[in-house]
Amino acid sequence: MKKEGLIMNDFRFYNPVRIHFGQSSLNKLPKELAAVGKTILLAYGGGSIKRTGLYNRVMAILEDCGKEVVELSGIMPNPRTEKVYEGIELCKKHNVDFILAVGGGSTIDCSKAIAVGACTDRDFWEAFYLNNEAAEAAIPLGVVLTIPATGSEMDRSAVITHWETGVKTDYNSDLTFPKFSILDPTLTYTLPKNQMINGIVDTLSHIWELYFSEPDTDSVTDNLAEALMRSVIAATRVAIKEPEDYIARSNIMWASTVALCGMIGNGKNSDWASHNIEHAISALFDVAHGAGLAVVHPTYMAYFCQNAPERYARYAVNVWGVDPTGKTALEVAREGVQCTRDFFNEIGAPATLTDLGVPESAIDDLVAHTDMGAWAYKKMTQDDVRAILRMAL
Ligand code: NZQ
Ligand code: ZN
């Protein structure tokens, strides 16, 4: 018999993204491109792909495939509405058949928003982001991933910032799943250390948002989550010392994709409170998403673990190897949170709002900009958010 809150929630799992993983996976691009129309929007960020040589490799493939290329460059981290409008205009003007996003979550999310925005005469921000209307069509898109972090390469979410109003939020549609994603771990060797760390923090944070929620009796999903966390932690320690360790980079890359492809959320309620607090920070201060999470998520854990001590204790034991003998669940839980903080210190992640350049005077504004719709175990209030931000100063 079903006992609410104890057994797996009913769920729908759908993920149509074709993944090409490995150090020669870019070789799969010509075959993927053969199946799509002639005019391609090549979307990328602020120039890293030019510095690393990836731009030339991709352009050569596009040329060999006889494609006409329209370029959208300069997609900024925390992509803004104006970049989406620019892409929509290019797609409409050139009758773009397919969008190829080469980069990280920012480039992919901007491309997804363009994909739906270019297929309507409505204002994309108002229709999809403010009114959450269902998109009826989208330009198909594909991905060459350069930074493991957001999972956008295998999910249907597109996070965009409206800078003027300080709103950073997501839009989700089955139409915005990429058709394919190319995951070559060697493309991540060029990541600056801080970007690598940001991506790793984001990956762990996605797993935590799902793992720390009911139902939390033993489940396949929770066991998968713990294995993923252990893999990420072990691989991070290797990749920091040896950035070109292929095994470590592969594990980091695949873990970040799996973390948000739906598998780790199946049957769970999910939380997303830390993400919502962080989105307010990056919407108002334009900090990197992973850096914001490095400050917010461990603080949130420290503040909230008393509401689910058994679950946090399980995390402490199964992920960090904390010895529970003779301790209460809450004591074990707190040790697990401390292990999390110690790990972030060890890898050089930011620890405080001050590290991010966010002053105490901004706290009320941040509270006002935090979406209060997501929480786990205990309904989050604005006072909770204020207390967490104060603890993070
Ligand atoms: O812009 P370029 O010059 O390409 O440089 C980028 C950028 O500065 C650089 N970079 C990427 N790959 C590189 C590289 N530098 C050297 N070598 C490489 N191989 O890294 C910087 C960060 O890139 P970005 O795409 O901004 O990072 P990330 O993948 O973390 O994306 C962050 C955005 O995704 C959103 C975040 O809020 C943020 O806006 N998220 C998207 C989600 C989703 N779609 O499911 C979920 C997440 O929770 C998140 O909210
Ligand atoms: Zn995230």
Side-chain angles (χ1 to χ4, degrees), residues 15 17 43-55 72-81 83-84 101-113 141 143-163 167-173 176-178 181 183-210 243-244 249 252-253 256-257 259-262 265 270-283 286-294 296-297 371 374:
N15 195 310
V17 185
Y44 55 95
S48 73
I49 68 162
K50 290 202 169 162
R51 290 192 296 279
T52 62
L54 180 58
Y55 173 84
L72 177 68
S73 63
I75 297 173
M76 63 293 271
N78 303 319
R80 298 186 189 178
T81 46
K83 210 66 197 170
V84 179
V102 183
S106 297
T107 294
I108 305 167
D109 288 5
C110 187
S111 300
K112 290 173 174 175
L141 76 141
V143 170
V144 178
L145 184 68
T146 62
I147 170 170
T150 64
S152 188
E153 65 278 6
M154 203 179 174
D155 74 20
R156 53 186 219 139
S157 180
V159 181
I160 300 295
T161 299
H162 190 277
W163 184 251
V167 176
K168 180 180 189 182
T169 188
D170 58 331
Y171 179 69
N172 297 277
S173 161
T176 50
F177 275 118
S181 285
L183 275 56
D184 174 353
T186 66
L187 295 178
T188 69
Y189 290 170
T190 54
L191 277 169
K193 185 181 167 210
N194 69 323
Q195 296 294 0
M196 177 180 101
I197 300 303
N198 290 343
I200 286 162
V201 171
D202 194 20
T203 299
L204 286 170
S205 178
H206 294 155
I207 304 169
W208 294 331
E209 297 280 20
L210 300 162
E244 300 203 3
R249 290 294 199 169
I252 291 168
M253 192 170 221
S256 73
T257 303
L260 214 53
C261 74
S270 82
D271 186 343
W272 303 109
S274 294
H275 264 69
N276 284 344
I277 298 172
E278 192 297 311
H279 279 175
I281 297 174
S282 49
D286 202 16
V287 304
H289 175 59
L293 288 169
V296 171
H297 214 141
D371 178 347

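Numbering of ligands and ligand atoms starts at 1, following listing order. Predicted model only: the values in this text are computed from it and were never measured.
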For [atom], what is the closest protein heavy atom, and at what distance to 0.1 Å?
atom: atom 6 (C) of ligand 1; answer: S48 OG, 4.4 Å
atom: atom 25 (O) of ligand 1; answer: S106 N, 3.0 Å
atom: atom 44 (N) of ligand 1; answer: D109 OD1, 2.8 Å
atom: atom 38 (C) of ligand 1; answer: N78 OD1, 3.6 Å
atom: atom 18 (C) of ligand 1; answer: T190 OG1, 3.4 Å
atom: atom 12 (N) of ligand 1; answer: T146 OG1, 2.8 Å
atom: atom 7 (C) of ligand 1; answer: P77 CG, 4.1 Å
atom: atom 20 (O) of ligand 1; answer: Q195 CD, 3.6 Å

Worksheet entry | Intermediate values then yes/no, side-chain contact (heavy atoms from CB on, under 4.5 Å), V201 and I197 | CA-CA 6 Å; V201 171; I197 300 303; 4.2 Å; yes

Yes or no: does [X] have any heavy atom under 4.0 Å from an atom of ligand 1?
X: A288; value: no
X: H206; value: yes
X: P148; value: no
X: H279; value: yes

Are any of the N/O atoms on [X], whether in the backbone or the side chain, positioned under 3.5 angstrom from an N/O atom of ligand 1?
X: I49; value: no
X: L260; value: no
X: T188; value: no

Worksheet item: Which option out of K50, K168, M196 puts a heavy atom nearest to atom 37 (O) of ligand 1?
Response: K168

Worksheet item: Looking only at non-hydrogen atoms, which of T169, L187, L145 approaches atom 19 (N) of ligand 1 most closely?
Response: L187

Taking heavy atoms and a distance under 4.0 Å, where does [X] meet ligand 1: side chain, backbone, both or neither?
X: D155; value: side chain
X: V159; value: side chain
X: P192; value: side chain
X: H275; value: side chain

Please report the closest heavy-atom contact between [X] and [Y], naming both atoms and the distance.
X: A283; Y: T161; value: CA-CG2, 4.3 Å
X: E244; Y: Y189; value: O-OH, 3.4 Å
X: A113; Y: A158; value: N-CB, 4.3 Å
X: S157; Y: D170; value: OG-CB, 3.7 Å
X: K168; Y: S282; value: NZ-OG, 2.9 Å
X: E153; Y: S181; value: O-OG, 2.6 Å

Worksheet item: Hey, is the Zn ion (ligand 2) within less than 2.8 Å of some N/O/S atom on D202?
Response: yes

Discussion item. Looking at V287, is its backbone amide N or carbonyl O close enough to the side chain of N78 to form a donor-acceptor pair, meaning the two atoms are under 3.5 Å apart?
Written reply: yes

Item to complete: State whether the side chain of T176 and the backbone N or O of N172 hold a donor-acceptor pair below 3.5 Å, judged by distance alone.
Response: no

Practice prompt. Pull out every atom of ligand 1 sitting under 4.0 Å from any heavy atom of G47, numbered as shown with elements.
Written response: 3 (O)

Worksheet item: Can you tell me the N, O or S atom of H206 that's nearest the Zn ion (ligand 2)?
Response: NE2

Practice prompt. For the Zn ion (ligand 2), find the closest N/O/S atom belonging to H275 and write down its atom name.
Written response: NE2

Worksheet item: Passes side-chain contact (heavy atoms from CB on, under 4.5 Å), H279 versus D371? Steps please.
Response: CA-CA 9 Å; H279 279 175; D371 178 347; over 6 Å; no

Worksheet entry | Working for side-chain contact (heavy atoms from CB on, under 4.5 Å), residues D202 and T150 | CA-CA 6 Å; D202 194 20; T150 64; 3.6 Å; yes

